[in-house]
Each structure stands twice: as structure tokens, then as C-alpha cells.
Protein chains: 2
Amino acid sequence: MYVASPPPSEAAGLINAGKKRGLVVVVGVCEVSYSGRAAASLGPGRRLVIIKRDGTLLVHEAEKAQPRIWNPPGSSTAAYVEEGRLVVKSVRQRPFEIVRVVFHAVDFVAAFEVSSTDLVLVGTEKDLVEALVRNPSFIEEGLEIVGVEVPVEAGHVDILARDKEGRYVVIEVKRDLATHEAVFQLARYVETYKRKGHAARGVLVAGDISASAYEYLKRFGLQFVKVNPRELTVATYKSTTEK
Amino acid sequence: MYVASPPPSEAAGLINAGKKRGLVVVVGVCEVSYSGRAAASLGPGRRLVIIKRDGTLLVHEAEKAQPRIWNPPGSSTAAYVEEGRLVVKSVRQRPFEIVRVVFHAVDFVAAFEVSSTDLVLVGTEKDLVEALVRNPSFIEEGLEIVGVEVPVEAGHVDILARDKEGRYVVIEVKRDLATHEAVFQLARYVETYKRKGHAARGVLVAGDISASAYEYLKRFGLQFVKVNPRELTVATYKSTTEK
DNA sequence: GGATGAATGTCGCCC
DNA sequence: GGGCGACGTTCATCC
């Protein structure tokens with residue numbers, strides 16, 4: 001259902017009816033304000049406004065992947081006419097945040113029932129962890145997996161193993177480029193085991209590592225193992241979808 | 001400009017013409033596949049597809065703020081007809097990633113010239129840093145600001161100061177809740193100064209701090225100062241935009 | 001709801 | 001382009 005250049009009252013009706021069942025798209029000249037943890041406003045300009053049934057409100061402009069202004073799922077959206085103008089107001093309760101869109105002109109309103117599917121994504125860090133658990137020799141010979149996602153003081157280690165000498169091996173996995181953050185994370189986990197009196201060492205397994213991260217890694221006495229994440233995870237899937 | 005239920009060839013023409021000048025919105029029943037660092041696919045369903053002039057491609061469904069599948073700015077988008085069907089293909093070069101949208105039916109195509117404005121956002125961490133620099137007594141009495149965004153080994157300290165005793169005070173600022181990550185960051189920076197032979201201590205300034213972060217903070221001998229970020233930054237702005 | 005960390009994160013800044 | 005960190009991050013998962 002789509003209507004070109006509707007009067008404000010009709011636009012408001014279309015939005016309020018359409019937002020319950022699916023997705024509403026509004027294009028028009030508007031001013032937008034956001035107020036909450038931070039605050040922002042956009043002067044008059046033509047924009048794309050999307051209202052989803054889960055409460056999501058998105059205001060997109062001509063550039064960038066991210067909306068300029070938004071409210072996340074769980075917000076409450078209402079459309080009404082104020083001083084002859086269409087107003088779309090979105091309220092998020094916690095934290096309390098308001099987005100107000102005041103239209104000077106409405107080019108277009110469309111409402112559709114769209115899908116809500118489960119996305120099957122292959123090639124995430126989780127997939128890489130699973131692949132490594134199935135074949136620990138990708139990391140080093142003689143590893144015996146002790147656990148996966150093992151909780152520690154703060155957080156969890158991706159893979160916990162024992163090496164041939166019986167030492168704990170704490171393994172931190174990153175899909176792509178590992179930065180210093182990954183190194184600190186690993187160092188922290190290894191330290192936790194050592195403080196408990198265990199013999200422990202740390203291995204960072206990633207597609208790559210930044211130069212500065214490698215410096216830190218050496219300083220902490222940790223090891224780096226390079227893997228090809230695509231080979232271990234998405235290769236098969238990729239070949240079936242790429243054209 | 002909007003066309004309802006266009007045949008595939010017309011839809012392709014509208015998309016290729018419209019993507020150059022502004023923003024194109026397509027709603028229709030489609031299958032979508034993504035292949036690159038990871039891989040994913042969506043079976044047939046009605047979705048909202050957005051094509052921006054900067055190369056952004058977004059595929060939205062009925063829920064969530066984030067697109068289900070996307071390609072970021074800088075990608076190349078092309079629409080064409082393949083086996084009688086409208087296909088929108090987006091290619092990103094580095095890393096190489098492809099998104100393919102094959103339409104079974106097109107409900108409508110709309111193209112608009114939309115704005116591309118500068119967003120003025122008030123109340124960010126940067127704003128909080130500036131407010132604290134203007135009034136260091138919010139942190140503690142007798143602080144003398146030495147520098148802002150001071151580069152260190154890896155990264156930069158938000159505020160560097162000296163206290164009444166002449167010691168360096170490394171100040172890490174978080175707008176809202178500080179987690180253990182912020183504490184580790186601060187500990188790392190303080191350590192850098194100490195290793196150089198300076199007398200240094202660390203202060204975490206944030207709206208709040210998580211319980212576990214506070215434990216780490218104490219263990220590292222750091223201090224926490226609580227601030228109200230809104231009071232220091234957005235309060236005035238907020239009152240002028242909220243309705 | 002809090003805690004924790006991943007994300008095809010995106011985005012901006014600085015070198 | 002790489003490094004680095006913020007983001008009104010969003011999101012899933014676990015407790």
C-alpha cells in the first residue's frame with residue numbers, strides 16, 4: 001500500500017495503521033530532533049523515515065550505512081497532526097529518549113508486511129571456534145580440548161586445552177585481524193589461571209595480527225597462530241552462493 | 001518518483017538512474033545472499049531494499065534496527081535483468097564481498113533526492129572531556145591540565161594532568177557506564193607513564209561503573225570519580241528540543 | 001535486567 | 001591506508 005503526497009491527517013492514519021503489521025516507509029521534507037543521553041537535531045531536508053512494528057525508527061539520508069537519527073526496537077511510535085503538520089514521535093523508555101520528526105511535506109507513504117526471518121550466518125568467530133575444536137591440530141599437535149567458552153573471573157576463554165606437558169593452554173580466537181585488545185584479553189585470562197597456581201600459557205589464534213598487538217603479545221610471553229578463517233568455515237558455503 | 005509493480009527491466013532502469021542522484025527504495029519479494037568474510041542467505045520474503053548514492057546497500061526486514069544484510073559505503077551497485085528477474089548486485093572490493101538480491105516480484109520502486117547534512121551531536125564523550133577540561137575541579141581540587149588526547153604507546157589518554165603534589169594524573173573518561181575495559185585501558189596508560197619513571201596515578205571519570213570494573217579498579221590502585229554527563233553537557237541543549 | 005563480548009560492526013580522527 | 005577508540009553503538013547469550 002502506497003500513497004503519493006498524502007495530506008498530513010491521511011499520512012498519520014496510514015502510519016499508525018501500517019506500523020502494527022509490518023513496515024512503514026515515509027519520504028518527505030522534515031526536521032528531526034533527538035534528545036536523550038545525547039542530543040541532536042537536523043534542519044529541514046528530505047529524508048527517508050522507516051517505522052518498524054518492533055518500535056524501531058530510522059531516519060536515513062543520502063549517505064552512510066547508519067541512520068542519522070534513530071530509536072531502537074522497543075520504542076513507541078505515534079503519528080499525529082500538529083499545527084497542520086505530520087509529526088512522528090518515537091519514545092524510548094529506558095534510557096528515556098525521544099525522536100521527533102516534523103514534516104513540512106510528505107512525498108510518499110508506503111506500508112508493507114515484510115518478512116522476519118532467521119538469518120543463518122556462516123563464518124563467525126563462533127564457527128571458527130567450532131572448527132578449531134574439531135581439529136585442534138590446526139593450533140598445535142597434542143592439544144587436548146578441556147572446554148569451550150569457559151567462564152573465568154570476568155568473561156570467558158574461547159577454548160581451554162591442555163598441551164602435551166599437561167599445562168593449561170588458554171586460546172583466544174579472532175576471526176580476522178587481532179588487535180591489542182585481543183592480546184590484553186588473552187593475557188588477562190592466562191593471568192587468572194596462573195594466579196590460581198596452574199601452569200598456563202596463552203595462544204592467540206587469528207586470521208592476522210596487527211604489528212603493535214604482536215609487540216604486546218611477545219612482551220606478555222604469548223603465542224600467535226595464524227589461520228585462514230575462510231578455509232576453516234565459509235569456503236564451502238561461499239562457493240554455493242557466489243555468482 | 002515512484003512506480004508501482006514495474007516490470008523487471010523498468011525497475012532496473014529506475015534503480016540505475018536513481019542511485020546516482022540520491023536514494024532508491026525497492027520493496028518486493030526477493031532472495032538475498034551475502035558472501036565475503038562471512039556468508040549468509042535469506043530465502044524468499046518481502047523486504048525493503050535501500051540503495052544510496054555512496055554505494056550503501058541495505059536490506060531491512062520487519063524487525064531490528066540493523067539491516068539483515070548490507071554492503072557499506074564505497075560498494076558498487078548495479079541493477080539488471082537476469083532470466084526475467086530483477087537482480088540488484090552490490091560489490092565491495094576490499095574486503096571482497098558480494099550481496100545479491102534476486103526479486104521474484106517488485107511491489108514498487110521509489111527514487112528521491114534526499115539530504116546529506118552534518119549532524120551536530122551534543123553530549124558525546126568528547127563533549128564531556130571538554131567540559132572537564134574547562135572545569136577540572138569536577139574531578140579534584142588543584143588539578144592542572146597538561147594535555148588532552150595525549151598519544152601514548154598504543155592509543156591516547158583522554159586527559160593528562162598534574163596534581164598538587166606534581167604527580168601525573170591520567171584521566172580516562174566514559175560518558176555512561178564504565179566497564180572493566182575502561183579500567184584496563186586506564187591501567188595500561190598509567191603503567192606506561194610509570195615505566196618511564198614518572199610518578200603517576202589514574203582516575204576514571206564516568207557516569208557510573210560496573211561492580212566488576214570497580215573491583216579491578218581497586219586492585220590496580222586507581223580512583224573513580226562519578227559525574228553526571230547530562231549536567232555537564234547536554235542539559236541546555238535538551239531543554240530547547242524536548243517537547 | 002545486568003554482564004560480557006562479538007560484529008560482515010560503522011564511523012571519525014590522526015598519523 | 002593502518003592504528004586506535006568511541007558509538008545515543010546494536011545484538012546475542014548467559015546468568
Side-chain angles (χ1 to χ4, degrees), chain A residues 34-40 56 58 63-75 92 94-99 119 121-129 149 151-158 172-177 179-182 185 208 210-213 229-230 234 238, chain B residues 34-40 56-58 63-75 90 92 94-99 119 121-129 149 151-158 172-177 179-182 185 189 208 210-213 229-230 233-234 238:
Chain A
Y34 153 70
S35 172
R37 287 163 295 172
T56 301
L58 307 171
E63 279 152 14
K64 305 298 171 193
Q66 296 303 129
R68 256 326 192 212
I69 284 182
W70 74 94
N71 245 354
S75 309
R92 176 191 197 178
R94 225 173 7 263
F96 188 76
E97 305 197 279
I98 293 178
V99 174
L119 179 71
L121 183 66
V122 180
T124 61
E125 180 186 301
K126 196 160 170 283
D127 295 324
L128 181 53
V129 167
E149 305 289 308
V152 286
E153 196 176 24
H156 58 262
V157 310
D158 286 334
E172 174 66 28
V173 179
K174 291 292 167 200
R175 208 179 44 108
D176 297 323
L177 182 75
T179 69
H180 59 269
E181 289 297 325
Q185 204 177 349
D208 206 349
S210 73
S212 79
R230 269 204 318 221
V234 302
K238 192 179 162 66
Chain B
Y34 153 69
S35 172
R37 289 163 293 171
T56 302
L57 176 79
L58 308 172
E63 280 151 13
K64 306 297 171 196
Q66 298 301 131
R68 261 313 195 223
I69 284 182
W70 73 94
N71 246 354
S75 311
S90 166
R92 177 190 195 178
R94 219 169 17 259
F96 189 75
E97 307 198 277
I98 293 179
V99 174
L119 179 70
L121 183 65
V122 180
T124 61
E125 181 185 301
K126 196 159 170 284
D127 295 323
L128 182 52
V129 167
E149 304 288 308
V152 287
E153 196 175 25
H156 57 263
V157 310
D158 287 331
E172 174 65 27
V173 178
K174 291 294 167 198
R175 207 179 44 103
D176 297 321
L177 182 75
T179 69
H180 59 268
E181 290 297 326
Q185 205 178 346
Y189 295 154
D208 205 350
S210 73
S212 80
R230 268 203 319 221
T233 55
V234 301
K238 191 179 163 67

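Bear in mind the structure is a predicted one, so any value in this text is a computation, not a measurement. Proteins get letters first, then strands, A, B, ... in listed order; numbering begins at 1 in each. Note that these values count all heavy atoms, side chains included, but never hydrogens, waters or copies made by symmetry.
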Enquirer: 5'-most contact on DNA chain D: B:Gly155 or A:Arg92, nearest heavy atom basis?
Expert: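 Nearest-nucleotide comparison on DNA chain D picks B:Gly155.
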Enquirer: Check every atom of D:dA6, C:dT4, D:dG8 against the side chain of B:Gln185 and return the nucleotide holding the closest atom.
Expert: D:dA6
Enquirer: Any heavy-atom pair between the side chains of B:Arg68 and B:Glu63 that's under 4.5 Å?
Expert: no
Enquirer: Could you give the CD-to-C1' distance, from A:Glu181 to D:dA6, as a whole number of Å?
Expert: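 Rounded to the whole Å, the gap is 12 Å.
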Enquirer: Reading DNA chain C from 5' onward, which residue's closest nucleotide shows up sooner: B:Pro151 or A:Ala65?
Expert: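 Nearest-nucleotide comparison on DNA chain C picks A:Ala65.
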Enquirer: Just by distance, do the side chain of B:Glu97 and the backbone of B:Tyr34 share a donor-acceptor pair under 3.5 Å?
Expert: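 No.
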Enquirer: Report which part of the nucleic acid A:Thr179 touches: base, sugar-phosphate, or nothing (heavy-atom distance under 4.0 Å, all strands).
Expert: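 It contacts nothing in the nucleic acid.
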Enquirer: For a quick test of reading the model: is some side-chain N or O of B:Thr124 closer than 4.0 Å to OP1 or OP2 of D:dG8?
Expert: no
Enquirer: Starting at the 5' end of DNA chain C, which residue's closest nucleotide do you reach first, B:Val99 or B:Ala213?
Expert: B:Ala213
Enquirer: So does B:Tyr189 get a side-chain nitrogen or oxygen closer than 4.0 Å to the phosphate oxygens (OP1/OP2) of D:dG5?
Expert: yes
Enquirer: Could you check how far CG of B:Leu128 sits from C1' of D:dC7, rounded to whole Å?
Expert: 14 Å
Enquirer: Considering every strand and a 4.0 Å limit on heavy-atom distances, what is the contact class for B:Glu63: base, sugar-phosphate, or nothing?
Expert: nothing
Enquirer: Whole Å only: how far is the CG atom of B:Asp127 from the P atom of D:dG8?
Expert: 10 Å
Enquirer: Could you tell me whether A:Glu153 contacts a base, only the sugar-phosphate backbone, or nothing, with contacts defined as non-hydrogen atoms closer than 4.0 Å?
Expert: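 Nothing: the residue A:Glu153, judged by heavy atoms under 4.0 Å, touches no strand.
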Enquirer: Tell whether A:Asn71 reaches the base of D:dG8 with its side chain through a donor-acceptor pair below 3.5 angstrom.
Expert: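 Answer yes: a donor N or O sits under 3.5 Å from an acceptor.
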Enquirer: Considering every strand and a 4.0 Å limit on heavy-atom distances, what is the contact class for B:Gln66: base, sugar-phosphate, or nothing?
Expert: sugar-phosphate
Enquirer: Heavy atoms, side chains only, cut-off 4.5 Å: are B:Arg92 and B:Pro72 in contact?
Expert: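 Yes. Closest side-chain heavy atoms under 4.5 Å.
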Enquirer: Considering just the side-chain nitrogens and oxygens of B:His156, establish if one lies under 4.0 Å of OP1 or OP2 belonging to D:dG3.
Expert: no
Enquirer: In the structure I gave you, are the side-chain heavy atoms of A:Gln185 and A:Lys174 within less than 4.5 Å of one another anywhere?
Expert: yes
Enquirer: Using only heavy-atom distances, determine whether the side chains of B:Ser90 and B:Asn71 contain a donor-acceptor pair under 3.5 Å.
Expert: yes
Enquirer: Rounding to the closest angstrom, what is the interatomic distance between D:dC7 and D:dC11 at atom C1'?
Expert: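 The same atom, C1', in both gives a distance of 14 Å.
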Enquirer: Return no unless some side-chain N or O of B:Trp70 is found under 4.0 Å from OP1 or OP2 of C:dT10.
Expert: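 For C:dT10, OP1 or OP2 has a side-chain N or O of B:Trp70 closer than 4.0 Å.
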Enquirer: With a non-hydrogen cut-off below 4.0 angstrom, is B:Glu97 in contact with a base, only sugar-phosphate, or nothing?
Expert: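 The residue B:Glu97 makes base contact.
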Enquirer: Do any N or O atoms from the side chain of B:Asp127 and from the backbone of B:Thr233 form a donor-acceptor pair under 3.5 angstrom?
Expert: no
Enquirer: Mapping B:Arg68 and A:Arg68 to their closest nucleotides on DNA chain D, which lands nearer the 5' end?
Expert: A:Arg68
Enquirer: Does B:Arg37 put a side-chain nitrogen or oxygen below 4.0 Å from OP1 or OP2 of C:dA7?
Expert: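 So the side-chain polar atoms of B:Arg37 never come under 4.0 Å of the phosphate oxygens OP1 or OP2 of C:dA7.
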Enquirer: Ignoring the backbone of A:Leu177, work out which of C:dG5, D:dG3, D:dA6 is nearest its side chain.
Expert: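 Nearest to the side-chain atoms of A:Leu177, counting from C-beta on, is D:dG3.
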Enquirer: Between D:dA6 and B:Lys126, is there an OP1 or OP2 to side-chain N/O distance shorter than 4.0 Å?
Expert: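 Result: no.
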Enquirer: For C:dT8 versus C:dT4, give the span between their P atoms, rounded off to a whole number of Å.
Expert: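 To the nearest whole Å, 23 Å.
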Enquirer: Atom NZ of A:Lys174 and atom C1' of C:dA7: how far apart are they, to the nearest Å?
Expert: 10 Å
Enquirer: Counting any heavy atom closer than 4.0 Å, what does A:Glu149 reach on the DNA or RNA strands: base, sugar-phosphate only, or nothing?
Expert: nothing
Enquirer: Calculate the interatomic distance between B:Leu121 atom CG and D:dA6 atom C1'; express it in whole Å.
Expert: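 That distance rounds to 11 Å.
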Enquirer: Please state how far atom CG in B:Asp176 lies from atom C1' in D:dG8, giving the value in whole angstrom units.
Expert: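 Answer to the nearest Å: 8 Å.
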Enquirer: Where do B:Val173 and B:Leu128 come nearest, in terms of heavy atoms and distance?
Expert: CG1-CD2, 3.6 Å
Enquirer: Starting at atom CD of A:Glu125, determine the distance to atom C1' of D:dC11, rounded to an integer number of angstrom.
Expert: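 In whole Å, D:dC11 C1' and A:Glu125 CD are 15 Å from each other.
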Enquirer: Do the side-chain N or O atoms of B:Lys64 get closer than 4.0 angstrom to the phosphate oxygens (OP1, OP2) of D:dA12?
Expert: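 Yes, because at least one side-chain N or O of B:Lys64 sits under 4.0 Å from OP1 or OP2 of D:dA12.
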Enquirer: From the set D:dT9, C:dT4, D:dG3, return the single nucleotide nearest to any side-chain atom of B:Ser210.
Expert: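 The nucleotide sitting nearest to the side chain is C:dT4.
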Enquirer: Can you tell me how far C1' of C:dG9 sits from CD1 of B:Ile69, to the nearest Å?
Expert: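 Value for this atom pair: 15 Å.
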Enquirer: Contact class for A:Pro73 (heavy atom, under 4.0 Å): base, sugar-phosphate, or nothing?
Expert: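 Since only primed, P, OP1 and OP2 atoms lie under 4.0 Å of A:Pro73, the category is sugar-phosphate.
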